[in-house]
Amino acid sequence: MPKEARPSTGEQAKQHALGELRQAILRGEMAPAQRLVENELAEQFGVTRASIRAALIDLEAQGLVERIRNRGSRVRVVTVEEAVAITECRMALEGLCAAKAAALVSDRQIAELTELGTAMTKAVADGEPMTYSELNQQLHTRVRHFSGQRTAVDLLERLNAQLVRHRFQLALRPGRPQHSLNEHLAMIDAISTRDPQAAEAAVRAHLTSVIEALRD
């Protein structure tokens, strides 16, 4: 079967479109409720409408896109109550990962978490909420990775992807980074002292605070 310069049809094209669309949604480049027009997306990504349609079906299964009867697809709108429910699920899974990480963490990984904590503290002091938000995500990602709990990591990637808009909104809320910094530093301290119970409790306290902030 001849190879083309770029994937335009088939599974490879669908995966290309899927990756590009998913990243655009996660970066906030596509806003909630934004219409996803198949013809426009096919031209943008250099694939067929069939590839775009298949990618949108996958994104719908991931909770990032919703299909409206007789109106096509759009970026899914996640309500506050849905965000709270997702965060409650995160609490159990993130707590598990933190406890596992505390039991397994190496000296090198502790140094990495400590560096992230220092960078987060600096971002707050410098008044850089988006830098802080990015470091926040890096911290949670590292803790999940250190846990070795692959099933929880996979579930959390799907759950967190649905919270992009709410994460951006919280990051820009005045005073929120300062409030959450101590919660993250407590997580780092508990994992660094290899205390699984304290690590899980710190994560649960942090996400309880997130839920309160979502409801404000």
Side-chain angles (χ1 to χ4, degrees), residues 1-94 96-97 130-131 133-145 147-172 207 210 214:
M1 192 166 117
K3 290 184 178 178
E4 298 181 6
R6 62 186 302 173
S8 60
T9 61
E11 181 64 19
Q12 190 178 6
K14 186 199 88 169
Q15 291 300 328
H16 169 69
L18 176 62
E20 292 292 326
L21 281 166
R22 190 173 192 278
Q23 285 306 307
I25 294 171
L26 295 184
R27 289 192 297 262
E29 295 169 5
M30 292 181 170
Q34 180 174 329
R35 288 191 63 218
L36 301 170
V37 181
E38 291 178 5
N39 281 339
E40 294 175 1
L41 294 171
E43 183 177 352
Q44 180 178 346
F45 298 127
V47 298
T48 62
R49 280 188 64 188
S51 296
I52 293 295
R53 194 174 302 117
L56 292 174
I57 289 170
D58 279 10
L59 290 169
E60 182 180 17
Q62 294 175 24
L64 297 179
V65 165
E66 55 190 352
R67 298 175 72 84
I68 309 299
R69 185 179 178 86
N70 299 323
R71 296 182 62 186
S73 299
R74 68 177 189 177
V75 178
R76 182 173 168 238
V77 177
V78 177
T79 67
V80 168
E81 284 310 309
E82 286 174 315
V84 167
I86 290 168
T87 305
E88 289 173 340
C89 293
R90 281 184 62 204
M91 194 181 294
L93 294 169
E94 297 266 17
L96 170 65
C97 287
M130 295 314 296
T131 299
S133 179
E134 177 58 33
L135 292 166
N136 175 357
Q137 295 310 303
Q138 288 181 35
L139 173 61
H140 284 278
T141 299
R142 298 318 294 159
V143 171
R144 293 195 292 268
H145 174 71
S147 76
Q149 233 297 355
R150 188 66 243 175
T151 299
V153 170
D154 289 344
L155 290 168
L156 282 165
E157 285 180 358
R158 172 173 172 149
L159 291 173
N160 285 322
Q162 299 176 50
L163 295 174
V164 173
R165 177 174 69 94
H166 295 283
R167 188 176 78 236
F168 286 150
Q169 288 177 339
L170 286 182
L172 295 172
L207 291 177
V210 170
L214 286 169

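All of these numbers come straight from a predicted model, not from anything done at the bench.
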Name all residues meeting the salt bridge (Lys or Arg N to Asp or Glu O under 4.0 Å) criterion together with [X]; count only those two or more places apart in sequence or in a different chain, and write none if there are none.
X    : value
E38  : R49, R53
R90  : E94
R142 : E112
R35  : none

What pairs with [X] under side chain to side chain contact (heavy atoms under 4.5 Å, CB included), at least two apart in sequence or on another chain?
X    : value
T131 : A123, E128, L135
A171 : M130, S133
A33  : R74, V77

Has the side chain of S51 got a donor or acceptor atom that lies under 3.5 Å from a matching backbone atom of V47? no

Take atom CZ in R27; do more than 12 heavy atoms of anything else shown fall under 6.0 Å from it? yes

Is it the case that atom CD in E88 sees more than 12 heavy atoms from other parts of the structure closer than 6.0 Å? yes

All side-chain hydrogen bond (donor to acceptor under 3.5 Å, both in side chains) counterparts of [X], not counting sequence neighbours:
X    : result
Q169 : none
T79  : E82
E81  : none

To the nearest 0.5 Å, what is the distance between CD1 (I52) and CG (N39)? 10.0 Å

I'd like a table of donor-acceptor pairs (distance under 3.5 Å, sequence neighbours excluded) in which one partner is a side-chain atom from residues 18-26, with atom names and distances.
unit_1 : atom_1 : unit_2 : atom_2 : d
R22    : NE     : Q62    : OE1    : 2.9

Side-chain contact test, heavy atoms from C-beta onward, threshold under 4.5 Å: evaluate it for E60 versus E66 and give yes or no. no

Is the shortest heavy-atom distance from the side chain of T87 to the side chain of L163 under 4.5 Å? yes

Heavy atoms of G28 and V164 approach each other most closely as N-CG1, 4.4 Å

Could you list all the salt bridge (Lys or Arg N to Asp or Glu O under 4.0 Å) pairs where at least one residue sits in residues 155-168, not counting sequence neighbours? R150-E157

Could you walk me through whether Q15 and E11 pass the side-chain hydrogen bond (donor to acceptor under 3.5 Å, both in side chains) check? CA-CA 6 Å; Q15 291 300 328; E11 181 64 19; 2.7 Å; yes

